[in-house]
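Notes follow the structure.
Residue numbers count from 1 along this sequence. Remember, it's 1-based here, ligands and their atoms both numbered in the order they're listed.
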Amino acid sequence: MTESGYFDNAATTLLYDAVLQEMLEVSKNYPANPSAVHYPGLKAKEKLEELRSDFASFLKIKPETLYFTSGATESISIVISSFLNSLKKGKIIISEIEHEAVSSWISTLKDAGFEITRLKANKGLINTGDLEKLIDKDVRLICIQIVNNVIGSIQPIKEMVSITREKEKEFGRKIFFFSDAVQALCKIPFSLTELDVDGASFSAHKIKGPKGIGALYLKNPINVLAKAGGQEKGIRGGTENLASISGFNKALKLYSAENRDKINNINSKLRAFFEEKGFFILSPLTASPYILTLSTKLPSEVLTRMLSDEGFYISSGSACSNNAKGKAEKIIQAMGFPPSVQSGTIRISFSPCTDEKEALQLANLIYQKTKDF
Ligand code: PLP
């Protein structure tokens with residue numbers, strides 16, 4: 001499969017050829033278990049730490065704050081499940097528009113005795129004042145993503161963390177601020193140290209890296225629930241996936257070097273086209289340029305199939321999970337969009353390899369297919 005017609009890059013991306021090549025080489029050259037004490041094991045360990053340092057310096061963080069995992073879902077689980085360890089339960093604030101990897105924890109946390117408060121995100125945007133009002137002396141954890149996967153809205157994380165730090169001083173206790181950064185990595189500029197978050201999750205397959213590999217940033221180590229084999233300094237047990245880590249590191253560099261103006265330009269042209277034709281656009285003007293979400297008069301799964309028949313692949317939901325459409329609709333509902341736009345919402349998402357001419361063809365096709373309804 002090629003990039004041609006592929007506009008579902010927020011669900012997953014197509015691997016860079018150079019990433020695959022890198023993975024092959026690392027698989028062949030470093031086959032041993034990095035925990036083994038023999039020579040090939042030591043070489044694998046050396047390579048692992050070299051990759052960690054390289055990756056960390058790209059994110060401008062210390063290597064010891066970066067842990068490799070099997071994906072963002074696992075990174076998120078490591079952080080959230082660690083709270084199950086705490087003797088004194090308290091409150092947890094979770095935005096209403098988090099990915100399921102975060103929100104699916106709510107029932108478990110409630111069962112464990114935590115009080116969960118959902119933070120509103122009207123039209124996909126969180127108001128910092130709303131967060132400020134919710135933080136009291138019992139809050140232990142706050143989970144707010146940087147970029148939303150359904151409409152691409154970007155949250156003012158820096159301001160929200162700084163409010164949290166003020167509250168910490170006032171109450172004299174630590175509040176862990178976690179940000180899911182999956183849809184932000186390489187797509188919008190941000191610095192983890194400037195944001196001052198305590199933890200953040202990343203995934204390789206959203207930036208043309210391999211599937212099944214992710215990363216976790218932790219400003220300070222945490223007391224995880226499952227210690228397992230003790231790899232990754234006890235934060236994530238299990239034999240390290242060196243080939244995929246090298247693929248992730250390569251993708252990070254290749255994707256970061258891409259021309260973001262190109263995607264900004266394609267997004268603006270499509271937005272202008274859809275606006276001119278009277279479509280309802282859900283993605284705010286300030287959203288990530290990699291996601292453009294709009295509503296049409298046709299049920300989204302019908303249009304998605306029609307477009308697929310013509311060789312264009314978009315999403316009728318945040319299709320990185322089962323029943324993606326239903327889940328995306330819930331998020332869109334939580335954002336307060338009118339019911340009339342909910343079932344017809346489609347997501348077009350770009351990659352650096354998106355072709356402008358093809359994107360405009362897709363926009364025109366959407367118009368042609370939906371104009372008589
Ligand atoms: N968080 C967001 C915002 C996502 O878009 C995804 C995508 O599926 C995930 C988390 C889960 O990532 P992974 O597939 O690496 O577990």
Side-chain angles (χ1 to χ4, degrees), residues 7-15 19 55 66-81 94-106 119 121 124-126 143-155 157 178-188 190 192 195 197 199-217 236 238 241 244-245 247-249 251-252 255 282-283 287-293 314-332 334-335 345 347-351:
F7 289 89
D8 197 14
N9 291 283
T12 198
T13 53
L14 280 65
L15 208 60
V19 167
F55 197 110
L66 180 71
Y67 305 87
F68 293 108
T69 65
S70 66
T73 301
E74 189 185 26
S75 303
I76 292 163
S77 292
I78 290 170
V79 171
I80 298 185
S81 64
I94 299 182
S95 97
E96 281 194 328
I97 59 168
E98 292 302 301
H99 187 272
E100 254 222 314
V102 172
S103 60
S104 64
W105 275 98
I106 291 175
L119 177 62
L125 298 167
I126 294 170
C143 297
I144 304 174
Q145 62 193 188
I146 303 184
V147 174
N148 177 257
N149 51 303
V150 180
I151 67 166
S153 50
I154 302 174
Q155 307 309 334
I157 299 293
F178 180 76
S179 264
D180 179 7
V182 166
Q183 299 287 350
L185 185 62
C186 300
K187 297 180 183 179
I188 64 156
F190 69 93
L192 286 170
L195 292 182
V197 291
S201 48
F202 305 98
S203 179
H205 72 99
K206 309 287 183 181
I207 57 162
K208 295 174 74 61
K211 294 171 186 45
I213 187 80
L216 170 63
Y217 162 75
R236 194 266 175 178
N241 185 348
S244 292
I245 293 169
F248 194 0
N249 188 46
L252 184 72
Y255 209 104
L282 287 82
S283 301
S288 157
Y290 287 83
I291 295 179
L292 184 63
T293 300
I314 58 150
S315 171
S316 54
S318 68
C320 36
S321 56
N322 291 329
N323 186 18
K325 181 177 153 60
K327 284 165 188 168
E329 269 182 37
K330 263 199 201 154
I331 298 275
I332 290 162
M335 289 173 175
T345 295
R347 181 184 67 185
I348 303 172
S349 51
F350 310 106
S351 99

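Below 4.0 Å from some heavy atom of Gly71 lie the following atoms of ligand 1, by number and element: 15 (O). Heavy-atom contacts of Asp180 reach the following atoms of ligand 1: 1 (N), 2 (C), 3 (C), 10 (C) (cutoff under 4.0 Å). Proximity to His205 (heavy-atom distance under 4.0 Å) selects the following atoms of ligand 1: 13 (P), 14 (O), 15 (O). Atoms of ligand 1 lying under 4.0 Å from any heavy atom of Lys206, numbered from 1 in the order shown and given with element: 5 (O), 6 (C), 7 (C), 8 (O). When each atom of ligand 1 is checked for a heavy atom of Ser203 under 4.0 Å away, the hits are 13 (P), 15 (O).
With contacts defined as side-chain heavy-atom distances shorter than 4.5 Å, the pair Ile331/Asn149 does not qualify. No side-chain heavy atom of Leu185 sits under 4.5 Å from any side-chain heavy atom of Tyr255.
Side-chain contact, Lys211 with Thr12: a donor N or O sits under 3.5 Å from an acceptor N or O. Side-chain atoms of Ser95 and Glu98 form a donor-acceptor pair, as typed in the model, at a separation below 3.5 Å.
In terms of N/O distances under 3.5 Å, ligand 1 is not approached by Asn149. Taking any N or O of Val147, backbone or side chain, none lies under 3.5 Å from an N or O belonging to ligand 1.
Centroid-to-centroid, the aromatic rings of Phe55 and Phe68 come within less than 6.0 Å.
Remark: distances from the non-hydrogen atoms of Glu74 to ligand 1 are all 4.0 Å or more. The closest approach between a heavy atom of Gln145 and any atom of ligand 1 is not below 4.0 Å.
Contact detail for Thr13 and Gly209: the closest heavy-atom pair is OG1-N, 4.3 Å. Nearest heavy-atom pair, Gln145 versus His99, reported as atom, atom and distance to 0.1 Å: NE2-N, 3.7 Å.
Residue Lys211 does not touch ligand 1, judged by heavy-atom distances below 4.0 Å.
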